[in-house]
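The structure appears below as structure tokens.
Reckoned from all heavy atoms, side chains included, excluding hydrogens, waters and symmetry mates. In this text, all values refer to a predicted model and were calculated from it rather than measured experimentally.
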Amino acid sequence: MACALFLLSCSTAAVWAAGPADQACQHPQQIAAVANTLSDVSIGQLRALQAEYYLDHAGDMGPDRIGTATFAPANCAGIFHAPLPGQSVWLRFALRNSFPEQQRWVVTFIEANFDEVVLFEDQSGSLTERARTGQTVPFEVRDNAEFNTGFPIVLEPGEELLLYLRIAGTFEPTITAVLMSDELFFDWSTLIMTIRALFLCYVGLFAVISLIIFRQIHVRYYQYYTLYMLCQFAFSFIFNGWLNKYFGVTLPVTTLMPISEFFAGLSVFVNIQYCRILLNAGADTRAWRWFFVTLSGIALGATALAVLDPWRLSTPLHLLYFVCPLALLVFAIRKIREGLPQAWPIAGSLLSLSLGLAIAVFAFMVPINITEANFAYELVLMRPLIWGYYLAILGETLFMMVAISTMVRALQKERLSAVDELASMERQLEDIRHEQRAAEKATTARLEALENVLRGDPETRHHLSAKRQFLDRITECVLDSVADQSLGVEKLASMLAISQKTLGRRLKEANGQSPASFIRSVRLNFARNLILLDKYNTVAEIAHASGFSSVSNFAKLYREEFGEAPSKSISLLRKIQ
């Protein structure tokens, strides 16, 4: 599919080399086709302007010499090949009023922005300038105050005019000239201005909303997505001519379009980055991580080409507008299968973005023919470039809002779970402390009882002192070799210079344990101390430092001895700290 779209995009880009101006009207009366008769159009309607066409490659053809130029036959569709930078286009057409009363009509274009458009009237073979407008024309000498470029024409009954239009400086590959009523032109221009203003407000507001909501998740999220929305705002602001309409900037398209393409390309790059983060691509396989690196590199390369020459080298970037979301959609579907909660709405946003931009890019390259219309909204529908792009951004942002909400809910749920777990651990720790205090009290009571016995029986005191010394000695021997996994009953008896049988008997008399059980108890208590001192990071390190060869066996014995897993003891200690 991507290959087919690429071929389609490349073939439509050839409109600059062989535009629709070559499609001449095939009416029997060729001259009548050039004359646009107002009686053919009802009030409130429009139609394509039939005009002859001349492309001035050098851009220096003046009104004094244009009469010698050879114009191409009239084009029925009103769609003409747009000039490249340094070139200009001349349209020649006639208007005839067949109504019995005065008529007021507007010659205008479906496209909104041109550097300069000048209307001339042929008066006895000499061209006289009637009106001038455009982005590079200062406001004080501009003859058009509406948002769209247009020239009102007033004709008396039976009057006929031969007019010329000189058009220079436009980014779009085609020019669609139309003839419409004055009322429809005003409504259409007002509606277009309102739609574009509302869109800018929507994008700006959503950038602020995403900035507020995404901050609850991670700083990288709101940085990338807010930058993405700001790029969309800047692109639309420049491409739709707001710099000129609002600030009075008279820069030519050769300056504005590279800037506009930069923001468009940056939005594609940032789109890749925030999808990479939201879809948790960093935790995926190395191949998928390289997929994002490669896609980012392609976006940067295509952006650089479009900035260098938006008229000849922008096709790769235009292709990426909808191919890139499709590629990201494949990864989102993978994450859906893995159960990532936000993958569903992200997939919806990418699909909406890809379909809407596909419509917009195709309409940019191949504009549709103009048909009659009675209302301004019908003209908007004839301009898929506008509503395709707006629907793409609208759908993308709405789905992304769902994704943000899903992530915020998941984060809140995770935080609540962490709070509950921490509270449970604190309760468990308090229970452990209570048990320790109770054990200390019991031990103190036993010691006091023993001291009372010892005071009254010297022989018993001597016997208990010998037991304590033996326990201290055997404990010291075990601790000296605690990390030695080969330390067992036989080796311990050898270290004490006694037989295994004597070791077992004396240990049984001293604390009621077998030698193996005593060694294991000393190791476990040593491991417990290592956890409390935070000496090691993992259970395996603690197990090996305590002389256990099997981590699983250590964990089992530790749980039996202290009532909790060693990993839980470690996490509890660190959360308390």
Side-chain angles (χ1 to χ4, degrees), residues 1-20 81-82 84-85 111 170-174 228 231-232 234-236 238-239 253 256-276 288 290-333 346-347 349-368 383-393 395-396:
M1 178 179 180
C3 293
L5 289 172
F6 178 75
L7 293 174
L8 175 62
S9 180
C10 292
S11 63
T12 54
V15 71
W16 274 292
H81 170 68
L84 290 171
E111 298 75 22
T170 181
F171 177 63
E172 299 190 47
T174 57
Y228 171 75
C231 286
Q232 296 293 348
F235 170 77
S236 182
I238 296 172
F239 186 84
V253 293
L256 294 178
M257 285 306 105
I259 300 174
S260 178
E261 290 292 86
F262 168 77
F263 283 111
L266 183 60
S267 71
V268 174
F269 175 79
V270 177
N271 183 313
I272 298 169
Q273 304 314 311
Y274 78 72
C275 285
R276 174 179 60 85
W288 281 107
W290 273 107
F291 162 79
F292 279 93
V293 172
T294 304
L295 202 59
S296 300
I298 293 173
L300 291 176
T303 302
L305 290 175
V307 170
L308 287 174
D309 190 343
W311 286 267
R312 299 177 180 87
L313 302 177
S314 61
T315 299
L317 181 59
H318 295 166
L319 183 67
L320 273 180
Y321 288 160
F322 52 92
V323 172
C324 183
L326 283 178
L328 294 172
L329 179 61
V330 174
F331 185 75
I333 293 174
I346 291 176
S349 73
L350 292 171
L351 183 60
S352 174
L353 188 65
S354 182
L355 292 178
L357 290 179
I359 294 172
V361 171
F362 185 80
F364 177 79
M365 294 293 188
V366 187
I368 64 174
R383 184 70 166 151
L385 173 62
I386 296 176
W387 57 262
Y389 174 69
Y390 289 169
L391 286 179
I393 302 303
E396 190 272 342

Checking side-chain contact (heavy atoms from CB on, under 4.5 Å) for the pair Cys275/Leu350: CA distance, chi angles, key distance, verdict? CA-CA 9 Å; Cys275 285; Leu350 292 171; 3.8 Å; yes

Passes side-chain contact (heavy atoms from CB on, under 4.5 Å), Ile359 versus Trp387? Steps please. CA-CA 9 Å; Ile359 294 172; Trp387 57 262; 4.0 Å; yes

Go through Leu353 and Ile393 one step at a time and tell me if the side-chain contact (heavy atoms from CB on, under 4.5 Å) criterion holds. CA-CA 6 Å; Leu353 188 65; Ile393 302 303; 4.0 Å; yes

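Within the 4.5 Å cutoff, the side chain of Ser267 has no heavy atoms near those of the Phe235 side chain. Residues Phe171 and Leu256 have side chains not in contact (no heavy-atom distance under 4.5 Å, counting atoms from C-beta outward). Side-chain contact between Glu111 and Leu385 is absent, with no heavy atoms from C-beta onward closer than 4.5 Å.
In terms of heavy-atom proximity, Ala299 sits nearest to Val268 at CB-CG1, 4.1 Å. The minimum heavy-atom distance between Glu261 and Pro310, with the atom names listed, is CG-CB, 3.9 Å. Nearest heavy-atom pair, Pro325 versus Ser354, reported as atom, atom and distance to 0.1 Å: CB-CB, 3.8 Å. Val253 and Pro258 get closest at one heavy-atom pair: O-CD, 3.8 Å. Closest approach of Thr170 to Ala82, counting heavy atoms only: CG2-CB, 3.8 Å. Of all heavy-atom pairs spanning Ile238 and Ser260, the tightest one is CG2-CB, 3.9 Å.
The side-chain hydrogen bond (donor to acceptor under 3.5 Å, both in side chains) contacts involving residues 292-307 comprise Gln273-Ser296, where partners must be two or more places apart or lie in separate chains.
Among residues two or more places apart in sequence or in another chain, the side chain to side chain donor-acceptor pair (under 3.5 Å) test is passed with Ser352 by none. Tyr321 is linked by a ring-ring contact (aromatic ring centres under 6.0 Å, His included) to His318, counting only residues two or more places apart in sequence or in another chain. By the ring-ring contact (aromatic ring centres under 6.0 Å, His included) test, Phe269 is found to be paired with no residue, residues two or more places apart in sequence or in another chain being considered. Applying the ring-ring contact (aromatic ring centres under 6.0 Å, His included) criterion to Phe292, with sequence neighbours excluded, gives Phe331. Residues forming a side chain to side chain contact (heavy atoms under 4.5 Å, CB included) with Ala234 (at least two apart in sequence, or on another chain): Phe263.
In this structure, the separation between CG on Asn271 and CG on Leu266 is 11.0 Å, given to the nearest 0.5 Å. Summarising the geometry, atom CG belonging to Leu351 is positioned 12.5 Å from atom CG belonging to Leu328; distances are rounded to the nearest 0.5 Å. Within the model, atoms CG of Leu295 and CG of Leu320 stand 7.0 Å from one another, a figure rounded to the nearest 0.5 Å.
Not less than 6.0 angstrom separates the ring centroid of Phe239 from the ring centroid of Tyr389. For Phe291 and Trp288, the gap between ring centers is short of 6.0 Å.
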